[in-house]
A.B. asks: 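Okay, here's the structure, questions in a sec.
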Amino acid sequence: MAKSTRDFGPLVGAIDQGTSSTRFLVFASKTSELLSYHQVELKQSFPKEGWCEEDPKEILATCYECIDKTVQNLKDMNIDPSNIKSIGITNQRETTVVWNKETGEPLHPAVVWLDTRTGATVDKLVNKTPGKNKDHLQPLCGLPLSTYFSAVKLRWLMDNVKEVKEAVDKKKCAFGTVDSWLMWNFTGGTKGGLHITDFTNASRTMLMNIQSLKWDDKLCSFFDIPKHVLPEIRSSAEVYGNMNKGALAGVPIAGILGDQQAALVGQTCFKTGMAKNTYGTGCFLLYNTGEEAIFSKNGLLTTVAYKLGKDAPTVYALEGSVAITGAAVRWLRDNLGMIKDAKDIEPLAATVENTGGVYFVPAFSGLYAPYWQTDARGVICGMTQYTTKAHIARAVLEATCWQTRELLDAMNQDSGIPLTQLQVDGGMTANNLLMQLQADILNLKVVRPSMPETTALGAAMAAGHAVGVWSLKPEDLTAITTDEYTPAIKEEEVNVRYDKWKLAVQKSMHWEGHGADPTQGK
């Protein structure tokens with residue numbers, strides 16, 4: 001990296017702890033310029049079918065490693081790390097960590113958000129609702145009963161892991177999403193670490209009342225989860241405490257946002273009706289609904305978008321969540337060996353003009369929005385002897401686009417105000433073919449920021465705002481430079497293919513549990 005003689009003014013750091021990697025990034029607060037970052041890929045383990053785990057200690061270690069390397073980068077660039085005035089945290093949401101408050105040791109590997117081991121737990125919970133309705137709790141928490149959310153994962157851990165149940169009974173267990181685990185360790189761990197979360201992450205547990213913004217007695221009772229295991233809920237932008245060790249010891253931690261909400265902030269979607277779609281391991285479309293919590297009739301989630309300060313208004317969003325998008329590319333690479341690197345999918349898919357009639361529904365973790373079918377499984381439809389790996393690669397990319405179209409259709413029905421363009425971000429948006437396919441399939445202009453790290457930027461904005469070095473006034477926000485993609489095929493052709501996609505989705509439904517499979521689990 002080139003050495004710098006510029007004065008960048010106050011700097012803000014952001015820990016971006018995602019599903020597949022951890023990063024630490026440093027931004028100039030006056031210009032939103034990304035100055036340096038370091039990234040480490042995270043190991044995932046799949047001990048049984050449908051299970052997905054990560055090591056909480058490795059998650060923590062990668063954060064410190066990324067901070068140390070980025071600080072060294074800054075020094076090499078002649079940029080003084082002491083100008084970092086605060087740190088924000090953004091994290092993979094719903095992923096569940098439980099640890100012993102007295103020893104600091106994890107009681108179990110982190111259960112990742114897309115893990116489906118809790119299918120039977122969900123069925124049991126649905127069966128105890130009036131009318132066996134998976135949306136029974138929606139008026140309280142904005143969410144359907146699903147394997148996706150943290151309360152169901154915690155209930156499974158309490159039911160199936162002896163160490164967790166014993167720690168809960170002895171009031172030694174701390175539960176949290178990844179932000180809580182990091183905050184507790186960053187601020188001292190067993191020596192006074194803060195057990196906190198923010199409203200955006202708490203709104204993904206099924207335990208916080210979406211209106212009162214407090215842990216809800218009825219919800220905790222429904223899941224039979226004692227409140228003493230839960231973290232304190234705080235706003236997304238305030239000084240919580242200071243880093244207690246490492247290269248940035250003493251720097252205030254002043255922002256926490258779930259990753260999708262952080263991207264909404266980073267894309268400056270501060271007005272009602274603005275929306276963004278993030279393409280990462282999964283795909284997440286968030287639509288700002290202002291200070292009103294709107295409950296979807298079309299399979300979307302009601303979630304807290306942000307609360308940028310103790311006394312700031314709470315802003316809500318409708319969210320469409322898709323479990324598997326980028327993860328399907330990783331599957332092509334790691335499980336099938338079709339590509340050597342994730343970025344190789346673009347040139348491979350570009351060698352064919354279309355999918356040759358192939359449709360790929362990546363329901364590896366069931367189907368999320370708008371269907372919420374936990375018993376769906378992945379299917380590839382329409383193959384013939386003509387089909388090549390290039391057709392399948394292109395079908396994987398198109399699956400991301402079709403799933404986004406379903407989210408957008410639901411969003412338009414709930415809001416009554418169709419979007420005129422889609423703002424996008426996330427790692428997959430570097431794929432130009434994917435962006436063009438998305439514009440074609442939506443029949444909408446797709447707008448990609450030239451600086452793709454909007455998730456980390458959102459966390460930095462919150463943390464900088466909390467310490468007074470980052471203004472969020474509309475007139476002070478830096479203009480975002482963008483690339484745009486416009487539809488290039490006829491809408492009639494897309495609609496015919498969309499009908500075929502929906503047929504493929506139907507083929508994936510209710511697959512799990514149909515008939516005995518003697519090979520199951522082998």
Side-chain angles (χ1 to χ4, degrees), residues 13-27 34 37-45 52-67 69-70 87-97 109-115 148 150 176-183 186 197-198 200-201 204 255-267 276-286 319 321-331 333-334 342-343 365 368 400 424-431 451-460 462-463:
I15 294 162
D16 182 357
Q17 203 302 296
T19 314
S20 57
S21 71
T22 300
R23 290 179 286 185
F24 183 70
L25 307 91
V26 174
F27 296 89
L34 173 60
Y37 75 96
H38 187 76
Q39 177 171 343
V40 176
E41 190 160 323
L42 208 58
K43 295 186 190 77
Q44 293 178 341
S45 62
C52 182
E53 297 179 347
E54 292 177 350
D55 179 356
K57 286 186 163 180
E58 185 193 350
I59 290 173
L60 180 63
T62 59
C63 291
Y64 284 123
E65 179 184 348
C66 288
I67 289 171
K69 293 280 176 63
T70 305
I87 296 167
I89 296 172
T90 182
N91 58 286
Q92 52 171 312
R93 306 169 306 168
E94 300 96 17
T95 295
T96 297
V97 186
V111 181
V112 177
W113 57 272
L114 49 70
D115 183 291
Y148 185 17
S150 311
T177 40
V178 169
D179 56 303
S180 297
W181 166 246
L182 295 180
M183 276 296 307
F186 288 159
T197 188
D198 88 304
T200 67
N201 280 293
R204 313 298 296 188
I256 303 174
L257 286 158
D259 53 7
Q260 303 313 321
Q261 287 90 335
L264 194 74
V265 171
Q267 287 262 32
K276 66 88 211 173
N277 199 31
T278 299
Y279 299 74
T281 301
C283 207
F284 304 89
L285 180 62
L286 267 71
E319 175 175 327
S321 314
V322 168
I324 305 290
T325 53
V329 178
R330 191 169 176 165
W331 176 76
R333 182 192 71 184
D334 297 346
K343 67 178 184 293
S365 299
Y368 284 14
T400 296
V424 301
D425 57 70
M428 285 186 84
T429 62
N431 186 321
M451 198 289 290
E453 302 293 349
T454 51
T455 300
L457 177 61

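Any value given below was found using the heavy atoms of this structure, including those in side chains, with hydrogens, waters and symmetry copies removed.
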A.B. asks: Contact between Q261 and R204 at the side-chain level, heavy atoms closer than 4.5 Å - yes or no?
C.D. replies: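 Of all side-chain heavy-atom pairs linking R204 with Q261, at least one is under 4.5 Å.
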A.B. asks: Can you give me the closest heavy-atom contact between C66 and V40, atom names plus distance?
C.D. replies: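 Nearest heavy atoms, C66 then V40: SG-CG2, 3.7 Å.
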A.B. asks: Can you check whether Q17 reaches R23 side chain to side chain, under 4.5 Å on heavy atoms?
C.D. replies: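 Counting from C-beta outward, Q17 and R23 never come under 4.5 Å.
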A.B. asks: Please tell me whether N91 and D259 have a donor and an acceptor in their side chains that are separated by less than 3.5 angstrom.
C.D. replies: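 N91 vs D259: no donor-acceptor pair found between side chains.
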A.B. asks: Are any of the side-chain heavy atoms of L285 and E319 separated by less than 4.5 Å?
C.D. replies: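 Not touching, per the 4.5 Å side-chain cut-off.
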A.B. asks: T177: which residues meet the side chain to side chain donor-acceptor pair (under 3.5 Å) condition with it, sequence neighbours left out?
C.D. replies: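 Applying side chain to side chain donor-acceptor pair (under 3.5 Å) to T177 gives D179.
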A.B. asks: Enter the distance from S180:OG to I256:CD1 here, rounded to the nearest 0.5 Å.
C.D. replies: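 So the gap between those two atoms works out to 7.0 Å.
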A.B. asks: Given 3.5 Å as the limit, does a donor-acceptor pair link the side chain of W181 with the main chain of G176, or not?
C.D. replies: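 It does not hold such a pair.
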A.B. asks: Between E453 and F27, which heavy-atom pair has the shortest distance, and what is it?
C.D. replies: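 Taking every non-hydrogen atom into account, O-CZ, 4.1 Å.
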A.B. asks: Identify, with sequence neighbours excluded, every residue that meets ring pair (Phe, Tyr, Trp, His ring centres under 6.0 Å) alongside F284.
C.D. replies: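 Result, ring pair (Phe, Tyr, Trp, His ring centres under 6.0 Å) vs F284: W113.
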A.B. asks: Distance check, rounded to the nearest 0.5 Å: N431 atom CG versus T400 atom OG1?
C.D. replies: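 If we round to the nearest 0.5 Å, N431:CG and T400:OG1 are 9.0 Å apart.
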A.B. asks: Any heavy-atom pair between the side chains of L182 and C63 that's under 4.5 Å?
C.D. replies: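 C63 vs L182: side chains touch.
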A.B. asks: List the atom of P109, the atom of P56, and the distance in Å for their closest heavy-atom pair.
C.D. replies: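 What the structure gives for the nearest pair is CA-CD, 4.0 Å.
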A.B. asks: Is there a side-chain hydrogen bond (donor to acceptor under 3.5 Å, both in side chains) between T62 and T22? Walk through the geometry before answering.
C.D. replies: CA-CA 6 Å; T62 59; T22 300; 2.9 Å; yes
A.B. asks: Of all the heavy-atom pairs spanning G266 and L457, show the shortest one and how long it is.
C.D. replies: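 In terms of heavy atoms, the two residues are closest at O-CD2, 3.7 Å.
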A.B. asks: Applying side chain to side chain contact (heavy atoms under 4.5 Å, CB included), can you list everything that pairs with K57, at least two apart in sequence or on another chain?
C.D. replies: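 Here the qualifying residues are D55, E105, P106.
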A.B. asks: Please confirm whether the backbone N or O of L25 pairs with a side-chain atom of T70, one donor and one acceptor, at under 3.5 Å?
C.D. replies: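 Such a contact is absent between T70 side chain and L25 backbone.
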A.B. asks: Measure the spacing between OG of S20 and CG of L42 and express it to the nearest 0.5 Å.
C.D. replies: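 Reported value, rounded in 0.5 Å steps: 8.0 Å.
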A.B. asks: Quick check on the 6.0 Å ring-centre criterion: do F24 and Y37 meet it?
C.D. replies: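 Ring centroids of F24 and Y37 are no less than 6.0 Å from each other.
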A.B. asks: Measuring only between side-chain heavy atoms, which start at C-beta, is Y64 closer than 4.5 Å to F186?
C.D. replies: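 Touching, per the 4.5 Å side-chain cut-off.
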A.B. asks: Indicate yes or no for a side-chain donor-acceptor contact from T325 to the backbone of G280 under 3.5 Å, with no hydrogens or angles considered.
C.D. replies: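 Judged by distance alone, yes, a pair lies under 3.5 Å.
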A.B. asks: Would you please test S21 and E41 for side-chain hydrogen bond (donor to acceptor under 3.5 Å, both in side chains) and show each step?
C.D. replies: CA-CA 4 Å; S21 71; E41 190 160 323; over 6 Å; no
A.B. asks: For the atom pair CD (Q260) and SG (C283), what is the distance rounded to the nearest 0.5 Å?
C.D. replies: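 Taking CD in Q260 and SG in C283, the distance rounds to 8.5 Å.
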A.B. asks: Looking only at atom types and distance, does a side-chain atom of T90 sit under 3.5 Å from a main-chain N or O of A456, one as donor and one as acceptor?
C.D. replies: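 Flag not set: sc T90 to bb A456 has no pair under 3.5 Å.
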A.B. asks: Determine the minimum heavy-atom distance between T455 and A262, stating which atoms define it.
C.D. replies: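 It is O-CB, 3.3 Å.
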A.B. asks: Kindly compute the distance separating CD (Q267) from NZ (K276), expressed to the nearest 0.5 Å.
C.D. replies: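 Going from the CD atom of Q267 to the NZ atom of K276 covers 8.0 Å.
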A.B. asks: Would you say the side chain of Y279 lies within less than 4.5 Å of the side chain of T429, judging by non-hydrogen atoms?
C.D. replies: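 Yes. Closest side-chain heavy atoms under 4.5 Å.
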A.B. asks: Kindly indicate, with the supporting measurements, whether the criterion side-chain hydrogen bond (donor to acceptor under 3.5 Å, both in side chains) is fulfilled by S45 and K43.
C.D. replies: CA-CA 7 Å; S45 62; K43 295 186 190 77; over 6 Å; no
A.B. asks: Who passes side chain to side chain contact (heavy atoms under 4.5 Å, CB included) against D334, sequence neighbours left out?
C.D. replies: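 D334 satisfies side chain to side chain contact (heavy atoms under 4.5 Å, CB included) with R330 only.
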A.B. asks: Do you know which two heavy atoms are closest between S365 and A323, and how far apart they sit?
C.D. replies: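 Taking every non-hydrogen atom into account, CB-CB, 4.2 Å.
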A.B. asks: Could you check whether any side-chain N or O of T96 sits under 3.5 Å from a backbone N or O of E94, counting only pairs where one atom can act as donor and the other as acceptor?
C.D. replies: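 Confirmed, T96 side chain pairs with E94 backbone.
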A.B. asks: Using the test salt bridge (Lys or Arg N to Asp or Glu O under 4.0 Å), find all partners of E53 that sit at least two apart in sequence or belong to another chain.
C.D. replies: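 Only R117 meet the salt bridge (Lys or Arg N to Asp or Glu O under 4.0 Å) criterion with E53.
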A.B. asks: If you measure from OG1 on T19 to CD on Q44, what distance do you get to the nearest 0.5 Å?
C.D. replies: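 Between atom OG1 of T19 and atom CD of Q44 there are 7.0 Å.
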A.B. asks: For D425, enumerate each residue passing the salt bridge (Lys or Arg N to Asp or Glu O under 4.0 Å) test, keeping only those at least two apart in sequence or located in another chain.
C.D. replies: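 For D425 there are no salt bridge (Lys or Arg N to Asp or Glu O under 4.0 Å) partners, ignoring immediate neighbours.
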